[in-house]
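Let me begin by presenting the structure, written as structure tokens, before commenting on it.
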Amino acid sequence: MSEANDDVRQQVVRAWRAVDAEKFPAFTDVWRRAEARHAGARRRYRRVAVAAVLMAAVFVALKLQAPSPNAVTYIEVAELLGSTSWTAPSDVLLPRHEFDIYQELPGLLESTRAEGGSLL
Amino acid sequence: MRDGDALDNNPHVSISALEAIHGQVYGWALSRCDFNRAAAEDLMQQAYVEVLSGNARFNNKSSLKTFVFGVVENLARSRFRRVTSRLRLLREHAGSLDGAVVEAVLPDEGHSIWPAVKALPPRQRDIIELVFCRELTIEEASGVMGVSIGAGRVHYDRAKKALRVRLRETGVNEE
């Protein structure tokens, strides 16, 4: 049984030797290419990272510059006083009636004609 | 262990140790790629990149050879999955293919045991290659293949039996 195993093993090894006899690429060449590939990948990663950081910085800067709708704003008192005025609600009556009921008393209507025991 | 030429991202791996197993790694990569030399070289290069970058980290729990073989195996599997999905897409979008998209180039069909080895199921062929030709133990080979030791032993025994039967059938007994 063991001899049979050994025989199988030897024959497989012999057959595989044909595969292994293939000239394989030199280690230094493969290694150099692997290093170049690794360096290229690292460069690409670094570029992407730098671009991401820059984009984040630009985003934050823009965000800081734009006023927030909920931001607290301060009121300048002098400016406020200069820009506001107050009018009485009854002022709307003035152009229509063209008199100032507070200053000019309207003349009272008088009737001298009697009608049924009372003045009209 | 930290040799003078140890890698920065993999302190337990030295360039000289990798160089010492380079030929065997190439052989293993070759059989992972249906003996396509260009694909094997690319696969091996990618495995070295994984080791260089530290994506595949060696922690001295196994031999370096087992570790690098495992990296090659994993990369080959993920590449196979990618190729399979691309082929599926091609089939879906290109209608019918003439079947010549992936061509296996076998090295030496002249040896009479080769057809018997080729006829083995993939797992059995892998463990036979790892144990017989790459001189790994069954435990190490199981680790490379990502199967339990018990499953590895079963594959190994079945492969040996199948090879013996085929050899007997074909009367192969070369010196």
Side-chain angles (χ1 to χ4, degrees), chain A residues 1-70, chain B residues 9 15-16 18-31 35 37-38 40-42 44-55 106-118 120 125 128-129 131-135 159-164 166-168 172-175:
Chain A
M1 186 74 174
S2 174
E3 279 178 19
N5 278 349
D6 286 347
D7 186 42
V8 169
R9 186 178 188 132
Q10 279 170 11
Q11 293 204 34
V12 171
V13 169
R14 211 176 299 144
W16 223 281
R17 216 167 276 154
V19 180
D20 289 341
E22 290 291 327
K23 197 174 172 225
F24 54 82
F27 174 77
T28 44
D29 293 343
V30 180
W31 187 254
R32 208 180 307 124
R33 279 198 289 275
E35 279 182 325
R37 205 153 143 180
H38 174 53
R42 258 201 333 211
R43 261 198 307 275
R44 270 196 305 279
Y45 173 78
R46 213 173 292 152
R47 265 185 224 141
V48 169
V50 167
V53 168
L54 283 177
M55 278 172 63
V58 168
F59 177 77
V60 169
L62 289 176
K63 190 90 178 151
L64 285 177
Q65 275 183 355
S68 161
N70 299 324
Chain B
N9 296 325
I15 297 175
S16 50
L18 282 174
E19 190 171 5
I21 57 169
H22 177 69
Q24 291 205 331
V25 174
Y26 179 68
W28 178 239
L30 204 55
S31 73
F35 302 98
R37 284 150 196 81
E41 194 178 329
D42 191 56
M44 196 165 55
Q45 203 182 99
Q46 184 58 41
Y48 287 160
V49 170
E50 296 294 312
V51 175
L52 255 172
S53 64
N55 286 344
L106 293 172
D108 178 16
E109 306 254 1
H111 204 287
S112 30
I113 201 174
W114 192 252
V117 175
K118 254 196 335 180
L120 289 173
R125 200 170 53 225
I128 283 293
E129 180 187 350
V131 175
F132 284 180
C133 310
R134 310 288 163 218
E135 291 166 353
K160 272 195 313 186
K161 275 181 197 151
L163 276 180
R164 269 203 303 272
R166 279 170 204 276
L167 287 177
R168 219 175 295 135
V172 173
N173 194 13
E174 294 184 6
E175 286 306 311

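Throughout, a chain's letter reflects where its sequence line sits, starting with A, and its residues are numbered from 1. The figures that follow rest on heavy atoms only: side chains count, while hydrogens, waters and symmetry mates do not.
- Heavy-atom pairs under 4.5 Å with chain A peak, among B/V51, B/I15, B/I128, at B/I15.
- Within the 4.5 angstrom heavy-atom criterion, only side-chain atoms of B/V117, from C-beta onward, approach chain A.
- For chain A, the option among B/Q24, B/Q46, B/E19, B/M44 with the highest count of heavy-atom pairs below 4.5 Å is B/E19.
- Closest approach of A/A34 and B/Y48 over heavy atoms only: CB-CB, 3.7 Å.
- In this structure, the separation between CG on B/L52 and CZ on A/R37 is 11.5 Å, given to the nearest 0.5 Å.
- If you measure heavy-atom distances from B/N55 to chain A, you find no contacts under 4.5 Å at all.
- Side chain of A/R9 to main chain of B/V131: a donor-acceptor pair is present (N/O by atom type, distance under 3.5 Å, no hydrogens or angles).
- For the options B/A40, B/S53, B/A47, heavy-atom pairs under 4.5 Å to chain A are most numerous at B/S53.
- Heavy-atom minimum distance, B/N9 versus A/H38: ND2-NE2, 4.1 Å.
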* Tell me, with the steps shown, if A/R33 and B/D42 meet salt bridge (Lys or Arg N to Asp or Glu O under 4.0 Å). => CA-CA 10 Å; A/R33 279 198 289 275; B/D42 191 56; over 6 Å; no

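- Using a 4.5 Å cut-off between heavy atoms, A/A26 touches chain B through its backbone atoms (N, CA, C, O) alone.
- The aromatic rings of A/F27 and B/H22 sit perpendicular to each other, their planes meeting at more than 60°, with 30° as the lower class boundary.
- The CZ atom of A/R14 sits 13.0 Å away from the CZ atom of B/F132 when rounded to the nearest 0.5 Å.
- Shortest non-hydrogen contact noted between B/Y26 and A/P25 is CE1-CD, 3.5 Å.
- The CZ atom of A/R32 lies 11.5 Å from the CD atom of B/Q45; values are rounded to the nearest 0.5 Å.
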